[in-house]
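I have placed the structure first, in the form of C-alpha coordinates, so that the comments after it can refer back to it.
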Protein chains: 2
Amino acid sequence: MLSKKTKYGLKALTYLASKPKNEPVQIAEIAEHENISQKFLETILLSLRKTGFLGSKKGKGGGYYLIKDPSDIKMTSVIRILEGPIAMIPCVSLNFYEKCDDCPDENKCSVHKLMIQVRDSALKVYGQTTLSDLIG
Amino acid sequence: MLSKKTKYGLKALTYLASKPKNEPVQIAEIAEHENISQKFLETILLSLRKTGFLGSKKGKGGGYYLIKDPSDIKMTSVIRILEGPIAMIPCVSLNFYEKCDDCPDENKCSVHKLMIQVRDSALKVYGQTTLSDLIG
DNA sequence: TGATTACTCTAGTAAACCTATAGGATAATA
DNA sequence: TATTATCCTATAGGTTTACTAGAGTAATCA
(Lines give C-alpha, C1' and ligand atoms only; values in the text may rest on other atoms or scores of the structure.)
Protein backbone atom coordinates (compact mmCIF):
# COMPACT_ATOMS: atom_id res chain seq x y z
CA MET A 1 0.00 0.00 0.00
CA LEU A 2 1.09 3.49 -0.84
CA SER A 3 1.40 5.57 2.33
CA LYS A 4 -0.44 8.85 2.70
CA LYS A 5 2.93 10.46 2.99
CA THR A 6 3.89 9.42 -0.53
CA LYS A 7 0.49 10.24 -1.91
CA TYR A 8 0.48 13.73 -0.38
CA GLY A 9 4.08 14.28 -1.38
CA LEU A 10 3.35 13.43 -5.00
CA LYS A 11 0.30 15.66 -5.05
CA ALA A 12 2.27 18.53 -3.59
CA LEU A 13 5.04 18.06 -6.11
CA THR A 14 2.53 18.01 -8.94
CA TYR A 15 0.90 21.16 -7.65
CA LEU A 16 4.25 22.91 -7.41
CA ALA A 17 5.12 21.76 -10.91
CA SER A 18 2.01 23.43 -12.24
CA LYS A 19 3.15 26.77 -10.83
CA PRO A 20 5.63 29.21 -12.37
CA LYS A 21 9.15 28.12 -11.65
CA ASN A 22 10.92 29.44 -8.56
CA GLU A 23 7.78 31.11 -7.27
CA PRO A 24 7.44 30.08 -3.64
CA VAL A 25 4.10 28.53 -2.74
CA GLN A 26 3.01 28.43 0.87
CA ILE A 27 2.30 25.18 2.67
CA ALA A 28 -1.13 26.46 3.57
CA GLU A 29 -2.04 26.98 -0.06
CA ILE A 30 -0.91 23.51 -1.08
CA ALA A 31 -2.62 21.93 1.91
CA GLU A 32 -5.90 23.65 1.15
CA HIS A 33 -5.84 22.97 -2.56
CA GLU A 34 -5.03 19.28 -2.11
CA ASN A 35 -7.05 18.67 1.06
CA ILE A 36 -4.09 17.69 3.16
CA SER A 37 -3.49 18.34 6.86
CA GLN A 38 -1.14 21.31 6.92
CA LYS A 39 0.96 20.09 9.81
CA PHE A 40 1.46 16.70 8.22
CA LEU A 41 2.34 18.28 4.90
CA GLU A 42 4.97 20.38 6.65
CA THR A 43 7.00 17.33 7.57
CA ILE A 44 6.65 15.87 4.10
CA LEU A 45 7.81 19.00 2.32
CA LEU A 46 10.66 19.30 4.77
CA SER A 47 11.94 15.88 3.81
CA LEU A 48 11.59 16.72 0.13
CA ARG A 49 13.67 19.80 0.68
CA LYS A 50 16.36 17.93 2.58
CA THR A 51 16.63 15.43 -0.23
CA GLY A 52 17.11 18.05 -2.88
CA PHE A 53 13.76 18.22 -4.63
CA LEU A 54 12.52 21.45 -3.16
CA GLY A 55 13.90 24.80 -2.18
CA SER A 56 12.31 27.00 0.44
CA LYS A 57 12.07 30.59 1.46
CA LYS A 58 11.17 31.77 4.93
CA GLY A 59 9.21 34.79 5.98
CA LYS A 60 6.59 36.78 4.15
CA GLY A 61 6.23 35.78 0.54
CA GLY A 62 8.07 32.59 1.36
CA GLY A 63 7.15 29.01 0.64
CA TYR A 64 8.37 26.01 -1.27
CA TYR A 65 9.34 25.70 -4.90
CA LEU A 66 10.75 23.06 -7.21
CA ILE A 67 14.49 23.14 -7.65
CA LYS A 68 14.68 20.94 -10.74
CA ASP A 69 12.74 20.88 -13.94
CA PRO A 70 9.71 18.55 -13.64
CA SER A 71 10.98 16.51 -16.58
CA ASP A 72 14.15 15.81 -14.62
CA ILE A 73 12.33 14.41 -11.61
CA LYS A 74 11.92 10.67 -12.06
CA MET A 75 9.36 8.75 -10.10
CA THR A 76 12.00 6.22 -9.08
CA SER A 77 13.75 8.78 -6.92
CA VAL A 78 10.59 10.38 -5.54
CA ILE A 79 9.14 7.02 -4.53
CA ARG A 80 12.38 5.86 -2.95
CA ILE A 81 12.59 9.00 -0.83
CA LEU A 82 8.97 9.08 0.28
CA GLU A 83 7.95 5.44 0.30
CA GLY A 84 11.23 3.59 0.58
CA PRO A 85 12.14 0.55 -1.49
CA ILE A 86 10.34 -0.07 -4.77
CA ALA A 87 10.81 -3.81 -4.37
CA MET A 88 8.18 -5.63 -2.39
CA ILE A 89 10.73 -7.66 -0.47
CA PRO A 90 14.20 -6.61 0.68
CA CYS A 91 15.98 -9.57 -0.94
CA VAL A 92 15.21 -8.22 -4.41
CA SER A 93 15.75 -4.56 -3.60
CA LEU A 94 18.46 -2.76 -5.55
CA ASN A 95 18.81 0.14 -3.13
CA PHE A 96 17.70 -1.39 0.16
CA TYR A 97 18.93 -4.96 -0.13
CA GLU A 98 18.67 -7.29 2.85
CA LYS A 99 18.97 -11.03 3.02
CA CYS A 100 16.02 -13.11 4.19
CA ASP A 101 16.50 -14.93 7.47
CA ASP A 102 14.73 -18.02 6.29
CA CYS A 103 16.21 -18.46 2.83
CA PRO A 104 19.29 -20.65 2.51
CA ASP A 105 19.55 -19.97 -1.23
CA GLU A 106 17.93 -16.96 -2.83
CA ASN A 107 18.36 -18.28 -6.31
CA LYS A 108 16.18 -21.26 -5.55
CA CYS A 109 13.45 -19.25 -3.84
CA SER A 110 10.14 -19.04 -5.65
CA VAL A 111 9.15 -15.79 -3.98
CA HIS A 112 12.45 -14.22 -4.92
CA LYS A 113 11.96 -15.24 -8.53
CA LEU A 114 8.47 -13.78 -8.69
CA MET A 115 9.30 -10.57 -6.90
CA ILE A 116 12.20 -9.79 -9.22
CA GLN A 117 9.71 -9.69 -12.06
CA VAL A 118 7.32 -7.48 -10.12
CA ARG A 119 10.14 -5.16 -9.15
CA ASP A 120 11.33 -4.85 -12.73
CA SER A 121 7.87 -4.09 -14.01
CA ALA A 122 7.37 -1.36 -11.42
CA LEU A 123 10.84 -0.03 -12.08
CA LYS A 124 10.02 0.27 -15.74
CA VAL A 125 6.97 2.41 -15.03
CA TYR A 126 8.67 4.61 -12.46
CA GLY A 127 11.78 4.88 -14.61
CA GLN A 128 10.01 6.20 -17.65
CA THR A 129 7.70 8.57 -15.78
CA THR A 130 8.72 12.01 -14.64
CA LEU A 131 6.85 14.66 -12.74
CA SER A 132 6.08 16.44 -15.99
CA ASP A 133 4.14 13.38 -17.16
CA LEU A 134 1.78 13.75 -14.23
CA ILE A 135 0.67 17.29 -14.94
CA GLY A 136 -2.51 18.09 -16.81
CA MET B 1 5.99 -4.52 1.28
CA LEU B 2 5.05 -8.14 0.95
CA SER B 3 3.87 -9.52 4.28
CA LYS B 4 5.45 -12.58 5.82
CA LYS B 5 2.07 -14.20 5.52
CA THR B 6 2.13 -13.96 1.74
CA LYS B 7 5.76 -14.94 1.53
CA TYR B 8 5.28 -18.02 3.69
CA GLY B 9 2.08 -18.92 1.91
CA LEU B 10 3.77 -18.80 -1.48
CA LYS B 11 6.66 -20.87 -0.23
CA ALA B 12 4.33 -23.45 1.22
CA LEU B 13 2.34 -23.63 -2.00
CA THR B 14 5.53 -24.08 -3.99
CA TYR B 15 6.69 -26.83 -1.68
CA LEU B 16 3.37 -28.62 -1.97
CA ALA B 17 3.48 -28.26 -5.74
CA SER B 18 6.81 -30.06 -5.81
CA LYS B 19 5.30 -33.07 -4.06
CA PRO B 20 3.30 -35.90 -5.65
CA LYS B 21 -0.29 -34.82 -6.15
CA ASN B 22 -2.84 -35.55 -3.42
CA GLU B 23 -0.19 -36.77 -1.03
CA PRO B 24 -0.81 -35.00 2.28
CA VAL B 25 2.19 -33.14 3.67
CA GLN B 26 2.26 -32.26 7.35
CA ILE B 27 2.49 -28.68 8.52
CA ALA B 28 5.55 -29.57 10.56
CA GLU B 29 7.39 -30.81 7.49
CA ILE B 30 6.64 -27.67 5.49
CA ALA B 31 7.51 -25.44 8.42
CA GLU B 32 10.83 -27.15 8.96
CA HIS B 33 11.78 -27.27 5.30
CA GLU B 34 10.94 -23.61 4.72
CA ASN B 35 12.05 -22.28 8.12
CA ILE B 36 8.66 -20.96 9.09
CA SER B 37 7.08 -20.84 12.53
CA GLN B 38 4.74 -23.80 12.60
CA LYS B 39 1.95 -22.10 14.51
CA PHE B 40 1.96 -19.15 12.15
CA LEU B 41 1.99 -21.43 9.14
CA GLU B 42 -1.04 -23.24 10.53
CA THR B 43 -3.20 -20.14 10.19
CA ILE B 44 -1.90 -19.42 6.72
CA LEU B 45 -2.59 -22.90 5.41
CA LEU B 46 -6.00 -22.79 7.00
CA SER B 47 -6.91 -19.70 5.04
CA LEU B 48 -5.60 -21.29 1.85
CA ARG B 49 -7.79 -24.28 2.50
CA LYS B 50 -10.85 -22.16 3.16
CA THR B 51 -10.32 -20.32 -0.09
CA GLY B 52 -10.12 -23.46 -2.16
CA PHE B 53 -6.43 -23.85 -2.87
CA LEU B 54 -5.67 -26.66 -0.47
CA GLY B 55 -7.31 -29.78 0.82
CA SER B 56 -6.54 -31.33 4.18
CA LYS B 57 -6.65 -34.63 5.95
CA LYS B 58 -6.71 -35.02 9.70
CA GLY B 59 -5.13 -37.68 11.88
CA LYS B 60 -2.13 -39.87 11.27
CA GLY B 61 -0.85 -39.65 7.72
CA GLY B 62 -2.79 -36.42 7.35
CA GLY B 63 -1.66 -33.05 6.12
CA TYR B 64 -2.29 -30.53 3.39
CA TYR B 65 -2.24 -31.05 -0.34
CA LEU B 66 -2.93 -29.01 -3.45
CA ILE B 67 -6.41 -29.31 -4.86
CA LYS B 68 -5.76 -27.76 -8.27
CA ASP B 69 -3.02 -28.29 -10.78
CA PRO B 70 -0.14 -25.84 -10.20
CA SER B 71 -0.54 -24.50 -13.72
CA ASP B 72 -4.11 -23.55 -12.88
CA ILE B 73 -3.12 -21.46 -9.86
CA LYS B 74 -2.53 -17.89 -10.98
CA MET B 75 -0.54 -15.48 -8.86
CA THR B 76 -3.30 -12.89 -9.13
CA SER B 77 -5.62 -15.02 -7.02
CA VAL B 78 -2.99 -16.17 -4.55
CA ILE B 79 -1.79 -12.63 -3.94
CA ARG B 80 -5.31 -11.27 -3.57
CA ILE B 81 -6.14 -13.91 -0.97
CA LEU B 82 -2.97 -13.63 1.05
CA GLU B 83 -1.90 -10.02 0.59
CA GLY B 84 -5.08 -8.26 -0.43
CA PRO B 85 -5.32 -5.73 -3.24
CA ILE B 86 -2.69 -5.75 -5.96
CA ALA B 87 -3.15 -2.03 -6.50
CA MET B 88 -1.09 0.26 -4.29
CA ILE B 89 -3.99 2.56 -3.61
CA PRO B 90 -7.68 1.69 -3.24
CA CYS B 91 -8.86 4.21 -5.87
CA VAL B 92 -7.23 2.16 -8.64
CA SER B 93 -8.09 -1.27 -7.27
CA LEU B 94 -10.23 -3.51 -9.45
CA ASN B 95 -11.28 -5.85 -6.66
CA PHE B 96 -11.06 -3.62 -3.61
CA TYR B 97 -12.07 -0.22 -4.96
CA GLU B 98 -12.55 2.69 -2.58
CA LYS B 99 -12.75 6.40 -3.25
CA CYS B 100 -10.16 8.76 -1.79
CA ASP B 101 -11.45 11.22 0.79
CA ASP B 102 -9.31 14.04 -0.47
CA CYS B 103 -9.80 13.71 -4.22
CA PRO B 104 -12.60 15.72 -5.83
CA ASP B 105 -11.87 14.23 -9.26
CA GLU B 106 -9.99 10.98 -9.70
CA ASN B 107 -9.42 11.53 -13.37
CA LYS B 108 -7.42 14.65 -12.68
CA CYS B 109 -5.34 13.12 -9.91
CA SER B 110 -1.66 12.63 -10.69
CA VAL B 111 -1.29 9.83 -8.16
CA HIS B 112 -4.26 8.02 -9.62
CA LYS B 113 -2.78 8.26 -13.09
CA LEU B 114 0.58 6.89 -12.00
CA MET B 115 -0.81 4.10 -9.88
CA ILE B 116 -2.99 2.77 -12.68
CA GLN B 117 0.16 2.15 -14.66
CA VAL B 118 1.87 0.47 -11.73
CA ARG B 119 -1.18 -1.68 -11.10
CA ASP B 120 -1.36 -2.78 -14.71
CA SER B 121 2.29 -3.70 -14.82
CA ALA B 122 1.98 -5.80 -11.68
CA LEU B 123 -1.21 -7.36 -12.96
CA LYS B 124 0.56 -8.38 -16.13
CA VAL B 125 3.24 -10.24 -14.19
CA TYR B 126 0.84 -11.90 -11.77
CA GLY B 127 -1.57 -12.74 -14.56
CA GLN B 128 0.92 -14.61 -16.66
CA THR B 129 2.58 -16.44 -13.79
CA THR B 130 1.21 -19.62 -12.27
CA LEU B 131 2.45 -21.76 -9.41
CA SER B 132 4.04 -24.14 -11.90
CA ASP B 133 6.28 -21.33 -13.13
CA LEU B 134 7.75 -20.99 -9.65
CA ILE B 135 8.95 -24.56 -9.28
CA GLY B 136 12.50 -25.61 -10.01
C1' DT C 1 -11.91 -48.55 22.60
C1' DG C 2 -8.25 -45.66 23.52
C1' DA C 3 -3.96 -43.58 22.41
C1' DT C 4 -1.78 -40.89 19.16
C1' DT C 5 -1.54 -37.85 15.50
C1' DA C 6 -2.55 -33.73 13.15
C1' DC C 7 -5.62 -30.26 11.63
C1' DT C 8 -9.17 -26.37 13.58
C1' DC C 9 -10.32 -22.30 15.77
C1' DT C 10 -10.44 -18.28 18.85
C1' DA C 11 -7.96 -15.02 21.40
C1' DG C 12 -4.38 -12.51 22.84
C1' DT C 13 -0.03 -9.75 22.60
C1' DA C 14 4.28 -7.20 21.77
C1' DA C 15 6.50 -4.54 18.51
C1' DA C 16 6.51 -1.75 14.61
C1' DC C 17 4.51 1.50 11.69
C1' DC C 18 1.40 5.18 10.17
C1' DT C 19 -0.87 9.52 10.49
C1' DA C 20 -1.07 12.97 12.22
C1' DT C 21 -0.58 17.07 16.04
C1' DA C 22 1.78 20.27 19.38
C1' DG C 23 4.63 23.81 20.23
C1' DG C 24 8.50 26.36 20.23
C1' DA C 25 12.78 27.92 17.39
C1' DT C 26 14.55 30.25 13.53
C1' DA C 27 14.84 33.28 9.75
C1' DA C 28 13.17 36.68 6.34
C1' DT C 29 10.52 40.64 5.31
C1' DA C 30 8.35 45.09 5.91
C1' DT D 1 10.10 45.31 16.12
C1' DA D 2 6.06 42.91 14.44
C1' DT D 3 4.59 39.64 11.29
C1' DT D 4 4.93 35.80 8.42
C1' DA D 5 6.23 31.29 7.31
C1' DT D 6 9.43 27.61 7.47
C1' DC D 7 12.24 24.42 10.74
C1' DC D 8 12.56 20.83 13.98
C1' DT D 9 11.71 17.53 17.67
C1' DA D 10 8.73 14.95 20.28
C1' DT D 11 4.89 12.31 21.06
C1' DA D 12 0.07 10.63 20.97
C1' DG D 13 -3.11 7.32 19.33
C1' DG D 14 -4.57 4.06 16.19
C1' DT D 15 -3.70 0.12 13.08
C1' DT D 16 -1.26 -3.72 11.33
C1' DT D 17 1.98 -7.42 11.59
C1' DA D 18 3.79 -11.52 13.16
C1' DC D 19 3.42 -14.42 15.92
C1' DT D 20 1.94 -17.55 20.39
C1' DA D 21 -1.21 -20.17 23.58
C1' DG D 22 -4.23 -23.42 24.35
C1' DA D 23 -8.19 -25.99 23.98
C1' DG D 24 -11.09 -28.53 20.49
C1' DT D 25 -12.09 -31.92 16.77
C1' DA D 26 -11.47 -35.63 13.70
C1' DA D 27 -8.94 -39.58 11.73
C1' DT D 28 -6.00 -43.53 12.20
C1' DC D 29 -4.25 -47.72 14.15
C1' DA D 30 -3.19 -51.14 17.68
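Everything quoted here is computed from the prediction, not taken from an experiment. Chain identifiers are assigned alphabetically (A, B, ...) following the order of the sequence lines, protein sequences preceding nucleic acid strands; residue numbering begins at 1 within each chain.
Within the 4.0 Å cut-off from OP1 or OP2 of dC9(C), at least one side-chain nitrogen or oxygen of Lys50(B) is found. Contact between the side-chain N/O atoms of Lys60(A) and the OP1/OP2 oxygens of dA2(D) is not found at any separation under 4.0 Å. Distances shorter than 4.0 Å separate none of the side-chain N or O atoms of Arg49(A) from OP1 or OP2 on dA5(D).
For Gln26(B), whose side chain is taken as the heavy atoms from C-beta onward, the closest listed nucleotide among dC7(C), dC9(C), dT26(C) is dC7(C).
Note: NZ (Lys11(A)) to P (dT19(C)) measures 14 Å, nearest angstrom. With rounding to whole Å, Ile27(B) atom CD1 is found 17 Å from dA26(D) atom P. A straight line from NZ of Lys58(A) to C1' of dA30(C) spans 18 Å, rounded to a whole angstrom. Rounded to whole angstrom, the span from the NZ atom of Lys57(A) across to the C1' atom of dT26(C) amounts to 17 Å. Rounded to an integer number of Å, the gap from Leu46(B) CG to dT25(D) P is 15 Å. Atom-to-atom, CD1 of Ile36(A) to P of dC18(C) comes out at 18 Å; the value is rounded to the nearest Å. Taking atom CD1 on Ile44(B) and atom C1' on dC9(C), their separation rounds to 15 Å, with Å as the unit. Here dA6(C) presents its P atom at 18 Å from CG of Leu54(B), a figure rounded to the nearest Å.
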Under 4.0 Å protein heavy-atom contacts per nucleotide of nucleotides 10-21 of chain D, with B for base, S for backbone only and - for none: --------SBBB

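Minimum interatomic distance between Ile89(B) and Cys100(B) (heavy atoms only, all atoms of both residues): CD1-SG, 4.4 Å. In terms of heavy-atom proximity, Ile44(B) sits nearest to Gly9(B) at CG2-CA, 3.8 Å. Residues Tyr65(B) and Glu23(B) approach most closely at CB-O, 4.0 Å, considering heavy atoms.
Defined by atom type and a distance below 3.5 Å, a donor-acceptor pair is missing between the side-chain atoms of Gln26(B) and Tyr64(B).
Counting non-hydrogen atoms of neighbouring residues, nucleotides and ligands closer than 6.0 angstrom, the NZ atom of Lys68(B) exceeds 12 such neighbours.
For the side-chain contact (heavy atoms from CB on, under 4.5 Å) criterion with Ser110(A), the lone passing option out of Leu13(B), Leu131(B), Leu134(B) is Leu134(B). Evaluated for a side-chain contact (heavy atoms from CB on, under 4.5 Å) with Arg49(B), the options Leu45(B), Thr51(B), Leu46(B) yield exactly one hit, Leu46(B).
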